[in-house]
Structure formats: C-alpha cells, structure tokens
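Beneath this line is the structure, given in structure tokens, with notes to follow.
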2 protein chains.
Amino acid sequence: MTAETQPRRLRADAARNRRLLLDTAAATFAEYGTEVSIAEIARRAGLGKGTVFRHFANKDELIAAIVCDQLDRLSAAGTALLDAVDPTSALLEFMTLGVEVQSRDRSVCEAGVSIGVGDPGIQAATDRLFGTAEALTERARRQGGIRDDVTGQDVILLLRGAYQAAAPLARTVPELWRRYLAVIADGLLSTTAAPLPRPASTRPRPTDRNDGMPHG
Amino acid sequence: MTAETQPRRLRADAARNRRLLLDTAAATFAEYGTEVSIAEIARRAGLGKGTVFRHFANKDELIAAIVCDQLDRLSAAGTALLDAVDPTSALLEFMTLGVEVQSRDRSVCEAGVSIGVGDPGIQAATDRLFGTAEALTERARRQGGIRDDVTGQDVILLLRGAYQAAAPLARTVPELWRRYLAVIADGLLSTTAAPLPRPASTRPRPTDRNDGMPHG
DNA sequence: CTACAACCGGACCGAGCGGTCAGGTTGATA
DNA sequence: TATCAACCTGACCGCTCGGTCCGGTTGTAG
C-alpha cells in the first residue's frame with residue numbers, strides 16, 4: 001500500500017530486500033514486540049544492519065510502516081462490516097477482529113500507547129480507525145442495540161482493554177480475551193443501565209471544564 | 001512491612017537512606033514507570049548509585065519491594081471491604097480502588113505484565129491479591145449481585161483492563177477510566193446475560209483440554 | 001576518644017542499543 | 001560487454017544502562 005510511494009523505482013534486489021525486511025520485521029515485532037533490536041531483525045532477514053537503515057530512516061519509521069498497515073487492514077474490515085445486516089452484531093464482530101489483530105501482533109497494542117502523542121503516520125491511521133469505529137457504533141446506536149452514549153473511541157479503547165486484561169495469561173490461556181470481550185460487550189449492550197460517567201465526549205462540550213479531549 | 005526482615009539492625013544513616021531511596025524510587029516509578037534508570041533515582045535522592053545497590057541487590061529487587069507494598073495495601077483495603085454491608089457495592093468499591101492504585105502508580109500496572117512469570121515476591125503478592133478478590137467476589141456472587149461465573153482473577157484482570165483502556169488518553173482525560181470501569185461493572189452485573197466464554201476456571205477442569213491455568 | 005565495621009560515592013566496566021559510513025558488490029542501461 | 005549509480009555490508013561511533021569496586025567517610029560500641 002505505502003510501498004509505491006517511493007519517488008523512483010527501486011532496483012530489483014532493493015525491492016526484494018525491502019519486502020523481505022517488512023515481512024521479517026512484521027513477524028518479529030508481532031511475536032516479541034517492538035523492543036526487538038534492528039540488528040536482530042536484520043539477522044533474521046539475512047541482511048546487514050545498514051540495509052535496514054537504507055530503507056527506513058530510523059526504527060520508528062519501520063515500526064510505523066508495519067503498524068499502520070495492520071491498523072488500516074482493521075479499518076478496511078470495519079468498513080466492510082458497515083454493510084452487514086445487523087449493525088449491533090457487526091460492531092461486535094469488529095471488536096472481535098480488533099482483539100484478534102492485537103493478540104496476533106504485539107506491536108499493534110504497543111503502538112496504541114502513543115494514541116495521545118506519537119508518530120504522525122500512526123496518528124493518522126488511528127484517526128482513520130476511530131472514524132470507522134464511529135461509523136459502526138453510530139449504526140448500532142441508531143438500531144438501539146447499544147447504549148446511546150457510546151462513541152467509536154470508546155469501542156477502540158475498550159477493545160484494547162479487553163486484550164490487555166487477558167494479556168498477562170495469554171501464554172497459558174490464549175483465548176481468555178474472548179471472556180473479557182464478552183463482559184465488555186454486555187456492558188455496552190445494556191441499554192437499561194444508568195448513563196456512563198461523564199468524560200465521554202470526543203469533542204469537549206463548551207460548558208464542561210475538564211472532560212474534553214484533543215482532536216475531533 | 002518488609003523493612004524489618006534485615007538480618008541485623010541498620011546503622012542510623014543507612015536506615016535513613018534506605019527509607020529515602022524507597023520513597024524516592026516509589027515516587028519516580030509511580031510517575032515515569034519502572035524504566036527510569038537507577039542513576040536517576042539515586043540523583044533524585046541525592047545519593048550515589050552504589051548506595052542503591054548496597055540496599056537492593058539489583059533493580060528488580062527494588063521494583064519488587066515497591067510494587068509488593070502497593071499490592072499489599074490494595075489487598076488490605078479489599079480485606080477491610082469484606083465487612084461491608086452490601087457485598088456487590090463492596091466489590092465495585094474494591095475495583096475502583098484497584099484502578100486508582102494503578103493510575104496513581106504506573107509501576108503497579110507494568111508489574112502486572114509479569115503475573116504469568118516474574119519476580120517471586122510480586123508473584124506471591126499477586127496471589128494474595130487474587131485471594132482477596134476471590135473472597136470479595138464470592139460474597140457478591142452469593143448475594144446474586146453479579147453473574148455466578150465470575151472469579152476473583154477475572155476481577156483483577158478486568159480492573160487492569162479498565163485502567164489500560166483509558167491509559168492512552170490519561171494525560172488529557174485523567175478520569176476516563178471511571179467510564180470504562182462502569183462499562184465493565186455493568187457487564188459483570190448483568191446476571192441475565194448468557195454465560196461467559198469458557199476459559200474461566202482458575203483450576204483446569206479435568207475434562208477440558210486447554211482452558212486451565214497454572215497455580216490454584 | 002579510639003578503633004573499626006558499616007557505609008557511602010562515583011569512577012569504572014561490559015553489554016547492547018540506534019544510527020553512520022567507507023568500500024566492495026551488483027543490477028540496469030546503452 | 002562496459003560503465004556507473006544504486007545498493008549492500010559490517011566495522012565503527014556515541015550513548016545509556018545495570019552492576020562492580022575500592023578509597024575515603026561516618027556512626028557507634030567499648
């Protein structure tokens with residue numbers, strides 16, 4: 001996707017190595033997280049360390065390329081779900097996909113930490129994902145399937161929460177997240193319950209003092 | 001608590017410095033997480049780096065001392081709540097306290113990652129906390145206030161999830177976790193909902209193949 | 001007051017990190 | 001096939017980290 005943004009066409013071996021690096025780094029980050037050293041990734045790819053920095057200015061750029069790809073895939077899946085017949089179960093399906101992405105790829109979850117402040121590319125991909133989530137949530141809300149004060153942002157953040165709740169035991173109980181996602185889903189579905197605590201709004205209401213958030 | 005376990009009495013200045021180090025490290029880890037260097041902590045305490053390693057064999061031991069203290073405080077608060085009149089709201093109160101501990105102290109949350117495999121001291125403190133949570137959950141379960149398949153372990157893990165869901169925006173919306181704790185609480189309260197997905201049991205049922213967990 | 005063990009400080013060590021660069025290698029072009 | 005820019009490599013750099021160690025300092029027991 002972002003591969004062809006190169007100003008000039010790459011030489012055949014260079015293009016091959018770039019792909020190889022992207023794949024190797026993705027697999028390695030997915031398994032061990034983004035703390036793996038560049039040297040280790042180069043070693044696994046059977047290339048020199050310098051080659052990595054020829055293709056990516058620095059480590060963050062490499063991480064961003066991979067994480068953005070994952071986030072955009074999830075966004076795309078979410079967009080496809082906008083056509084589903086049942087909006088509420090589409091939303092649940094989306095959340096399930098979201099947790100699966102994380103449990104398959106540690107780097108995605110780690111990148112989420114930088115939602116507030118981080119790489120601009122990841123920031124943009126996150127915004128896109130928020131948009132998709134909001135659209136899905138909107139549909140479910142209109143249907144009356146979920147509480148009417150849930151936002152797309154809530155959905156994304158809670159989906160991360162479900163994964164991270166189960167993370168400490170992920171090695172021994174790999175699918176524990178399904179349990180916690182079910183709890184959270186139930187919490188979102190219960191339309192009869194009392195309204196959620198205030199700090200909800202994606203854009204700050206003018207009257208409120210501290211509940212607001214940056215971006216819109 | 002763990003302070004008097006020393007084999008011999010400390011010299012006055014040594015005891016003072018130990019306290020100072022513990023307090024400084026706790027405050028620093030709380031604010032910046034456990035990645036802060038030992039040198040930085042020593043600097044803040046106005047002591048030499050060597051002094052830190054005189055009192056704690058290595059960095060992990062220092063972290064463990066502080067995190068265990070926090071976990072035990074939470075355990076104690078939970079134990080006190082066992083006497084509350086309403087078991088269900090006592091459980092919710094406990095969960096609120098748990099998230100507050102984390103949002104006040106980043107190191108506690110980070111330590112949770114090592115629930116599966118980590119420092120034996122933290123492991124023990126975690127087990128104690130699980131016990132307290134289980135007792136509180138048991139009462140609420142008996143009362144019928146929450147679903148009957150929720151365990152103490154679920155409560156602890158979900159409480160971490162609530163914090164981590166809100167964490168990315170914690171700087172700009174400090175109390176967002178209340179919102180997500182409310183969602184999770186609703187999910188736990190809904191006694192009418194379908195039973196939670198399987199991987200629940202604290203001890204593996206003999207018939208199940210992979211749902212089990214280590215320890216009991 | 002003396003003497004000494006306990007204690008303190010910070011220079012020092014080795015390992016590992018992200019990132020650079022000179023020099024050898026190779027794919028495209030004509 | 002000859003040429004050369006693009007490419008690859010791994011030694012190297014500067015930095016930070018956890019942890020060690022020894023010479024100087026200080027609390028305290030007798």
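Labels below follow one simple rule: chain letters A, B, ... track the order of the sequence lines, proteins then strands, and each chain is numbered from 1.
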Checklist entry - Once you round it to whole Å, what is the distance between C1' of D/dC17 and CD of B/Glu35? => result 11 Å
Item to check | Length of the CG-C1' vector between B/Asp13 and C/dA5, whole Å | outcome: 12 Å
Checklist entry - Is the phosphate of D/dC8, meaning OP1 or OP2, less than 4.0 Å from a side-chain N or O of A/His55? => result yes
Checklist outcome for this item: Picking from D/dG19, C/dA5, D/dC7, the nucleotide nearest the side-chain atoms of B/Arg11 would be C/dA5
Next on the checklist: Quick check: closest heavy atoms across B/Ala185 and B/Leu92, and the distance to 0.1 Å?
Outcome noted: CB-CD2, 3.7 Å
Checklist entry - Of B/Ala39 and A/Leu47, whose nearest nucleotide on DNA chain D comes first from the 5' end? => result A/Leu47
Checklist entry - Roughly how far, to the nearest 0.5 Å, is CZ of B/Phe29 from CD1 of B/Ile41? => result 3.5 Å
Checklist entry - Which nucleotide sits closest to the side chain of B/Thr51: C/dA6, D/dC7, C/dG9? => result C/dG9
Checklist entry - D/dC17 C1' sits how many Å from B/Ile41 CD1, rounded? => result 13 Å
Item to check | Phosphate contact (C/dC8 OP1 or OP2) by B/Asn17 side-chain N/O below 4.0 Å | outcome: yes
Checklist entry - Do B/Asp186 and A/Asp186 come close enough that some side-chain heavy atom pair is under 4.5 Å? => result no
Checklist entry - Of the candidate nucleotides C/dG19, D/dT28, D/dC7, which contains the atom at the shortest distance from the side chain of A/Phe53? => result C/dG19
Next on the checklist: For a quick check of understanding: with a heavy-atom distance under 4.0 Å over all strands, which category does B/Ser37 fall into, base, sugar-phosphate or nothing?
Outcome noted: sugar-phosphate
Item to check | Nucleotide C/dA5, atom C1' - distance to CZ of B/Arg54 in whole Å | outcome: 10 Å
Item to check | Interatomic distance, A/Asp60 CG vs C/dC17 P [rounded to whole Å] | outcome: 16 Å
Checklist entry - Between A/Ser75 and A/Asp72, do the side chains contain an N or O donor and an N or O acceptor separated by less than 3.5 Å? => result no
Next on the checklist: Students often get this wrong, so: under 4.0 angstrom with heavy atoms, is B/Lys59 touching a base, only sugar-phosphate, or nothing?
Outcome noted: sugar-phosphate
Next on the checklist: For B/Arg141, is there an ion pair with B/Glu134 - N to carboxylate O distance below 4.0 angstrom?
Outcome noted: yes
Checklist entry - Between B/Arg9 (CZ) and C/dC7 (P), how many Å, whole number? => result 11 Å
Checklist outcome for this item: Which of D/dG19, C/dG18, D/dT26 is nearest the side chain of A/Lys49? It is C/dG18
Checklist entry - Rounding to a whole Å, what distance do you find between A/Leu20:CG and D/dC7:P? => result 16 Å
Checklist entry - Could you state the CD1-C1' distance from A/Ile38 to C/dT20, rounded to the nearest angstrom? => result 14 Å
Checklist entry - Starting at the 5' end of DNA chain C, which residue's closest nucleotide do you reach first, B/Gly46 or A/Ala12? => result B/Gly46
